[in-house]
Number of protein chains: 2
Amino acid sequence: MDDMTPLPLWRRVSEDIVARIVNGALRPGVMLPSEIDLGREMGVSQGTARRALRDLERRGIVERRQGRGTVVAIRTPETDHFHFFRLRHADGSEAQPMLASETLQRRRSTAAERAALGSETKYVYALDRIRSIGGKRIVREFSVVPVLLFPALEDRIPLPNALYAFWQDAYGIAIQKADERLRAVRADAADADAMDVAEGDPLIEVTRQAVDLSDRIVELRRSRYVTDDLAYTISLR
Amino acid sequence: MDDMTPLPLWRRVSEDIVARIVNGALRPGVMLPSEIDLGREMGVSQGTARRALRDLERRGIVERRQGRGTVVAIRTPETDHFHFFRLRHADGSEAQPMLASETLQRRRSTAAERAALGSETKYVYALDRIRSIGGKRIVREFSVVPVLLFPALEDRIPLPNALYAFWQDAYGIAIQKADERLRAVRADAADADAMDVAEGDPLIEVTRQAVDLSDRIVELRRSRYVTDDLAYTISLR
DNA sequence: CAGTGGTCTAGACCACTCA
DNA sequence: GAGTGGTCTAGACCACTGG
C-alpha cells in the first residue's frame with residue numbers, strides 16, 4: 001500500500017495546510033498567507049507554494065482571487081447544498097427545497113454501518129428528513145452519522161437545510177466527495193404516506209457515502225426522489 | 001458574450017493543439033512534440049508549453065508519461081465506454097454489456113432535435129440498441145446524431161459496442177463531456193418486449209447530450225436501465 | 001545512453017483589490 | 001500605492017523510458 005517515492009514538495013505543503021484545516025487551526029473563511037510568505041514559512045520557493053495553493057483550489061478546499069488573496073473555502077448553504085443536491089428543473093435551474101419534517105434518533109449501529117463507518121462506530125444518529133419543493137413533498141432522506149464524530153447532535157435540532165455546511169461549521173468536518181449509486185424503485189406505503197406520490201409509482205433511490213477531507217466515510221445516506229417535475233442532473237467529463 | 005481580456009499564452013497554445021486534433025492534423029495515438037520543441041515551435045518558453053500540455057492532460061485530451069512523452073489520448077473501448085457507461089455491480093465492479101440488437105434509421109429531424117443539434121441538422125440517424133449484461137437484456141438506448149457529422153453511418157453497421165471510441169476513430173469527433181438528466185419511469189409495453197422486465201416495473205431513464213471538443217452537441221441519447229442487479233454509479237466532488 | 005516529463009527555483013511583469 | 005494572485009521566462013536537477 002505504501003508508496004516508495006516520497007511526496008513531492010508542493011504536495012507536502014498542501015497536505016500540511018489540509019491538516020491545519022482538519023485540526024481546526026485554520027477555519028473556513030480565514031485568510032492564508034500569501035504565496036511568498038507561505039513559501040518562506042515552509043522553506044520553499046514561491047512557485048512551489050503557488051503549486052500547493054493551486055492544488056487546494058482545484059480540490060475546492062481554498063478559494064483564490066487575484067488582488068485579494070487565498071481563503072479557506074466556506075461551504076455556504078448555496079454553494080454546498082446545490083453541489084450535492086442534484087435535483088433540477090427541466091430548464092436546468094436549481095430547485096429550492098424546504099424541510100417538511102425531521103426526526104433524529106440515537107441508536108446502536110448495525111453491522112453494515114460499522115463496516116462502512118469503522119468498527120469504532122458503536123452508536124449512530126439516524127436522521128430522517130422529508131423535503132418539499134414547490135409545495136410538493138418529493139424527497140425522503142435517511143442519513144446515518146457516527147455519534148463519535150457529531151457529539152450532542154440532538155441539541156442542535158432543528159438542523160439547517162444544508163447539512164454539509166453545518167458539519168463544517170459546527171464540527172469542522174468538511175465533505176470532499178460523495179459516491180452514489182442510483183436505482184429505480186417502487187414507492188412503498190411509507191413513501192406514499194410521507195410524500196405526495198402514489199404507492200407503486202417509480203422513484204429514484206440514491207445510496208450515498210460521503211467522504212471528508214481525511215478520506216473517512218462520515219455519512220451514509222439513502223434518498224428517495226419523486227422525479228415527475230424534477231430530474232437528477234449530472235455532467236460526466 | 002466576448003471576453004475583453006485576451007486568452008493567456010498557455011491557453012492559446014493548448015487551443016491550437018485542440019484545433020489540430022479537431023481538424024485531423026493530429027490523430028489519436030500520435031506523439032506530440034516535447035515541451036521544449038513545442039515551446040520553440042510556438043515561440044514560448046518550456047514552462048508555458050508545459051502548462052498547455054498539462055491543461056490538455058487535465059481535460060483528458062492527451063496522455064503524458066514521464067520518460068515516454070505526450071500522445072493524443074485514444075478512446076479505447078475500455079477507457080471510453082466505462083467512463084460514459086455508469087452501470088456497476090453491487091461491489092462497484094464494471095459491468096460487461098453485450099449488444100443484443102441494433103437498428104439504424106435515417107430520417108428527418110424533429111424540431112426539438114434541431115433546437116439541440118443546430119438548425120442545419122435537417123437529417124439524423126436514429127440508432128436504437130438493446131444491451132444485455134449477464135444474459136439479461138437490461139438496457140435500451142435511443143441515440144440521435146446528425147447525418148452531416150456522421151455521413152454514411154449505415155455502411156458501418158454493425159457499429160461497435162463503444163460508440164464514442166468509434167466516432168473519434170472513424171469521424172474524428174471526440175466526446176468531451178455528457179450532460180445527463182435522470183428520472184424514474186415505469187416500463188411500458190415496448191420495454192417489456194425488448195428487455196427482461198415486466199411492464200410497470202421501475203426503470204431509470206437517462207436523457208443525455210454529448211458534447212465534443214468543439215463544444216458542439218453531437219448526440220442526443222435516451223437510455224432506459226433496469227437496475228435490479230446493477231446500479232447507476234457516480235461520484236460527486 | 002539520450003530524451004522525456006516531473007519537480008523546483010528565482011526572478012520578472014501584469015491585472016486586480018482595497019484602503 | 002502596497003499587496004495579492006496570474007502569467008511567463010530561463011534554467012537546474014531528478015526519475016523514468018526505451019533503444
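Please read these numbers as outputs of a predicted model, since none were measured by experiment. Here is how names work: the chains are called A, B, and so on, in the same order as the sequence lines, proteins then strands, and each is numbered from 1.
- In summary, contact between chain A and DNA chain C, defined as any nucleotide atom under 4.0 Å from a heavy atom of the protein, begins and ends at C:dT7 to C:dC18 in the 5' to 3' direction.
- Residues forming a salt bridge (charged side-chain N to carboxylate O under 4.0 Å, His left out) with B:Glu141 (at least two apart in sequence, or on another chain): B:Arg131, B:Arg221.
- A:Arg20 has a carboxylate O that lies under 4.0 Å from a charged side-chain N of A:Asp16, or vice versa, which qualifies the two as a salt bridge.
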Which donor-acceptor pairs under 3.5 Å do the side chains of residues 114-121 of chain B make with protein atoms, sequence neighbours left out?
unit_1, atom_1, unit_2, atom_2, d
B:Arg114, NH1, B:Ser109, O, 2.9
B:Arg114, NH1, B:Ser109, OG, 2.9
B:Thr121, OG1, B:Leu117, O, 3.3
B:Thr121, OG1, B:Gly118, O, 3.1

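- Residues from residues 29-45 of chain B placing a heavy atom under 4.0 Å of any atom in DNA chain C, listed by number, are B:Ser34, B:Glu35.
- Residues from residues 60-71 of chain B lying near DNA chain D, meaning a heavy-atom separation below 4.0 Å, are B:Gln66, B:Gly67, B:Arg68 in numerical order.
- For A:Arg11, the salt bridge (charged side-chain N to carboxylate O under 4.0 Å, His left out) partners are A:Glu15, not counting sequence neighbours.
- Pairs engaging residues 148-161 of chain B under the salt bridge (Lys or Arg N to Asp or Glu O under 4.0 Å) rule: none recorded [sequence neighbours left out].
- In terms of the side chain to side chain contact (heavy atoms under 4.5 Å, CB included) criterion, residue partners of B:His89 (sequence neighbours excluded) are, by chain and number, B:Asp91, B:Ser93, B:Ala95, B:Leu230.
- Take B:Asp169 and apply the side chain to side chain contact (heavy atoms under 4.5 Å, CB included) test, not counting sequence neighbours, and it matches no residue.
- With sequence neighbours excluded, the residues forming a side chain to side chain contact (heavy atoms under 4.5 Å, CB included) with B:Asp215 are B:Gln176, B:Val211, listed by chain and number.
- For residues 138-157 of chain B, the set of pairs meeting the ring pair (Phe, Tyr, Trp, His ring centres under 6.0 Å) definition, not counting sequence neighbours, comprises B:Phe150-B:Trp167, B:Phe150-B:Tyr171.
- Sorted by first and then second residue, the salt bridge (Lys or Arg N to Asp or Glu O under 4.0 Å) pairs with a member in residues 29-39 of chain B read B:Glu35-B:Arg50, B:Glu35-B:Arg64; sequence neighbours excluded.
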